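Here's the structure we're looking at; comments come further down.
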Amino acid sequence: MDIYGGQVNRLIEELSRLPGIGGKTAQRLAFHIISMPDDRAEALSNAIINAKRNIKYCKTCYTITDREECPICSSGERNHKLIMVVETPRELAAYERTGKYEGVYHVLHGVINPSAGIGPQDIKLKELMIRLRDDVEELIIATNSSVEGEATAMYISKMVKPAGIRVSRIASGVPVGGDLECIDEVTLLRALEGRVDL
Ligand code: ZN
């Protein structure tokens, strides 16, 4: 028997599609939202819509931002000759939280993974090569230490080294398959400081 009615079921269904949200949690969240004051519920739905509509990729590093160029790329305080290559904006955020990295980033939006049909042209590699025409001294490759992350690091290294740019890889303190986002800041800093030349 449909005890809630279509609208409530629809809300539960949409919430349960979010990562890490099971049926029970979706139900709990749905009832919480329904019991919210109207203005709070409206603020929540507007935040989702606005974030979705206004967020785009930074034209330089391809992280998500609501500007043409993200605050890191447009900052005069950062070292623009030092570029750290990460897989996703979440990893960028993890390194930013350390507060110790002074360079800029490049977000690949994935790694090369032939078995999943993802080739070099499917990630932001071409865009990285274009950036390297500017004055860049070092490229730090901070892809995950998964097989694909390592293979992508090697691929980039081979492409970039002939240009005479220093290419380094973060130290293997980051666990295999480890989610960089969940690793504490001290470990990330050690990985960064202990980077080795490729
Ligand atoms: Zn940027």
Side-chain angles (χ1 to χ4, degrees), residues 19 47-113 118-146 148-161 163-171 174 178-185 187-195 197-198:
I48 294 171
I49 292 165
N50 290 334
K52 195 62 202 146
R53 267 191 205 143
N54 299 322
I55 280 187
K56 46 195 164 204
Y57 290 152
C58 165
K59 65 173 181 155
T60 307
C61 75
Y62 293 89
T63 194
I64 43 174
T65 178
D66 54 6
R67 310 177 191 183
E68 273 295 291
E69 193 168 50
C70 77
I72 298 169
C73 288
S74 48
S75 166
E77 316 254 281
R78 310 291 293 232
N79 177 1
H80 294 265
K81 294 178 179 182
L82 179 63
I83 301 178
M84 189 198 290
V85 179
V86 294
E87 291 182 23
T88 71
R90 290 161 61 202
E91 280 129 13
L92 181 155
Y95 278 103
E96 267 313 277
R97 275 197 297 274
T98 67
K100 294 272 165 60
Y101 176 65
E102 291 168 347
V104 292
Y105 299 89
H106 187 84
V107 182
L108 292 174
H109 291 277
V111 278
I112 301 167
N113 187 349
I118 303 166
Q121 70 285 354
D122 298 314
I123 58 175
K124 304 284 180 202
L125 268 181
K126 193 169 60 269
E127 292 80 354
L128 175 64
M129 295 311 285
I130 291 169
R131 286 181 76 180
L132 297 180
R133 289 179 196 155
D134 296 335
D135 189 11
V136 174
E137 276 168 5
E138 184 184 350
L139 203 62
I140 304 170
I141 307 180
T143 50
N144 281 353
S145 49
S146 61
E148 294 80 19
E150 292 295 349
T152 305
M154 292 319 292
Y155 185 93
I156 296 172
S157 169
K158 273 193 197 140
M159 268 194 350
V160 172
K161 276 180 101 174
I165 296 165
R166 183 184 168 196
V167 183
S168 62
R169 178 90 173 103
I170 51 163
V174 182
D179 196 337
L180 279 181
E181 197 187 21
C182 298
I183 296 164
D184 67 273
E185 281 138 41
T187 309
L188 277 185
L189 268 184
R190 263 197 219 124
L192 184 58
E193 278 158 9
R195 65 187 186 268
D197 285 336
L198 282 180

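We number each residue from 1, following the sequence as shown. Keep in mind that the numbers below use all heavy atoms, side chains included, and drop hydrogens, waters and symmetry copies. Indexing begins at 1, ligand by ligand and atom by atom, following the structure's order. Owing to the predicted nature of the structure, the values given are computational and were not obtained by experimental measurement.
Y105 and E96 share a side-chain donor-acceptor pair at under 3.5 Å. A side-chain donor-acceptor contact under 3.5 Å links T60 and E69.
Sorted by chain and number, the protein atoms of type N, O or S within less than 2.8 Å of the Zn ion (ligand 1) are C58 SG, C61 SG, C70 SG, C73 SG.
Dense packing is recorded around CZ of R195, with more than 12 heavy atoms of other residues, nucleotides or ligands lying under 6.0 Å away.
Ring geometry, Y62 versus H106: the interplanar angle exceeds 60°, so the pair is classed perpendicular (tilted spans 30 to 60°).
In this structure, Y155 and T143 have side chains that are not in contact, with every pair of non-hydrogen atoms separated by 4.5 Å or more.
Rounding to the nearest 0.5 Å places SG of C61 at 6.0 Å from CG of L92.
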